[in-house]
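From a predicted model like this one, the values you see are computed outputs, not experimental measurements. Along the sequence shown, residues carry numbers from 1. All heavy atoms count here, side chains included; hydrogens, waters and symmetry mates do not.
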Amino acid sequence: FSSGVVVSGFFQPQYDLHPSGNLWRYYAEGDLGYKAKLNSNFTLTPSAGIGDVWGDDGVHPSNKKNPNPSAAYYAFYLAGDLKLDSNWTWNMFNVRYRNAFQYRWITPKVATGLTYNINKYSALYGTVGYSWKDTGSGMNPDKLNIGAGVKANF
C-alpha cells in the first residue's frame, strides 16, 4: 500500500528426498508488515505472520499416534532491500524467526536474492537461503533453499 503497510501471503508445497521415503509438506502463511524507506534506495521491512504446516511435516515426530500433525506457527521477519536501478533490487537480507504454537519448532532462516521489476505492478525474483531447526535437541543445520517466483502489486 502507498502508506508503507505490506500485506502478503503464500502457499508453498515442499518435496524432500529422504532416506526413509520421499516427503511432502505444505505451508500456508499470511503476513503483515511495514516498509520503511530509510533513503531513496534502501528499505527496511519488519513483518509478522501466522501460518500452518501439514503433510509430512516432522514438527513433532515423537508423537507416535500421529507423527506428522498439522502445526500452526508464528513468524517474525526483517528484510533489507537496496534498489540498484529502476529495474533491479538486491534483496540484501531477509531473516526469519519461526516457531510452532504447540511444539518446539524453532526454524530461523537467512536469505538473499535479486528482484527484477517488469513494471510497477509485476516483478520476477530469485532467492537463496539457509535455515536451521531446533525441535528440542538444539539448533541443527536444516536446508539450503533456492527459489524463484512472481510478485504482483496492487
Side-chain angles (χ1 to χ4, degrees), residues 1 4-36 38 42-84 88-117 122-153:
F1 298 103
V5 172
V6 177
V7 177
S8 63
F10 69 84
F11 171 74
Q12 175 188 342
Q14 181 178 320
Y15 179 70
D16 290 336
L17 299 172
H18 196 272
S20 64
N22 299 334
L23 305 174
W24 279 98
R25 66 180 61 105
Y26 306 91
Y27 297 84
E29 183 176 315
D31 303 300
L32 181 62
Y34 182 77
K35 185 174 284 207
L38 300 183
F42 186 74
T43 59
L44 200 58
T45 309
S47 61
I50 301 285
D52 192 43
V53 57
W54 67 95
D56 302 312
D57 65 34
V59 172
H60 199 272
S62 64
N63 180 346
K64 305 253 187 277
K65 277 187 169 174
N66 185 6
N68 294 299
S70 171
Y73 63 84
Y74 59 94
F76 299 104
Y77 299 91
L78 180 62
D81 299 317
L82 180 64
K83 191 164 192 65
L84 301 174
W88 290 97
T89 300
W90 175 24
N91 311 112
M92 295 174 67
F93 61 88
N94 190 330
V95 294
R96 172 191 77 198
Y97 175 85
R98 180 174 66 184
N99 196 1
F101 287 106
Q102 294 180 316
Y103 312 107
R104 182 178 180 96
W105 184 63
I106 300 169
T107 57
K109 180 180 177 180
V110 67
T112 189
L114 283 173
T115 298
Y116 178 76
N117 295 297
S122 304
L124 303 174
Y125 71 90
T127 184
V128 62
Y130 192 78
S131 62
W132 297 262
K133 187 187 304 187
D134 179 2
T135 57
S137 60
M139 199 62 66
N140 296 298
D142 189 38
K143 290 185 187 67
L144 172 65
N145 305 101
I146 299 171
V150 176
K151 294 181 185 178
N153 297 314

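- A donor-acceptor pair under 3.5 Å links the side-chain atoms of Thr127 to the main chain of Thr112, judged by distance alone.
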Name the atoms and distances for all side-chain donor-acceptor pairs under 3.5 Å in residues 142-149, with sequence neighbours left out.
none

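- In this structure, Ser70 and Tyr103 approach most closely via the heavy-atom pair O-CE1, 4.3 Å.
- Thr43 OG1 to Lys83 NZ: the interatomic distance, rounded to the nearest 0.5 Å, is 9.0 Å.
- Looking only at atom types and distance, the side chain of Asp81 has no donor-acceptor partner in the side chain of Thr89 under 3.5 Å away.
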What do the steps show when you test Phe101 against Tyr74 for ring-ring contact (aromatic ring centres under 6.0 Å, His included), and what is the final call? CA-CA 7 Å; Phe101 287 106; Tyr74 59 94; 5.3 Å; yes

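- Using a 4.5 Å heavy-atom cutoff, the side chains of Met139 and Ile106 are in contact.
- Counting heavy atoms from C-beta outward, Leu78 and Phe76 have side chains that stay 4.5 Å or more apart.
- Taking CH2 of Trp90 as the reference point, atom CG of Leu84 lies at 8.0 Å (rounded to 0.5 Å).
- Pairing each heavy atom of Leu44 with each of Gly80, the nearest pair is CD1-CA, 4.1 Å.
- When all heavy atoms of Tyr125 and Thr115 are compared, the closest pair comes out as CB-OG1, 3.6 Å.
- Checking side-chain atoms of Asn140 against main-chain N and O of Gly138 turns up a donor-acceptor pair under 3.5 Å.
- Thr135 and Arg104 form no side-chain donor-acceptor contact under 3.5 Å, judged by distance and modelled atom types alone.
- The aromatic rings of Tyr26 and Trp24 lie parallel to each other, their planes meeting at an angle below 30°, with 60° marking the opposite boundary.
- Cation-pi geometry between Arg96 and Tyr77 is not satisfied (NZ or CZ under 6.0 Å from the ring centre, within 45° of the ring normal).
- What you find for Arg98 and Tyr27 is that their closest heavy atoms are NH1-CE2, 3.6 Å.
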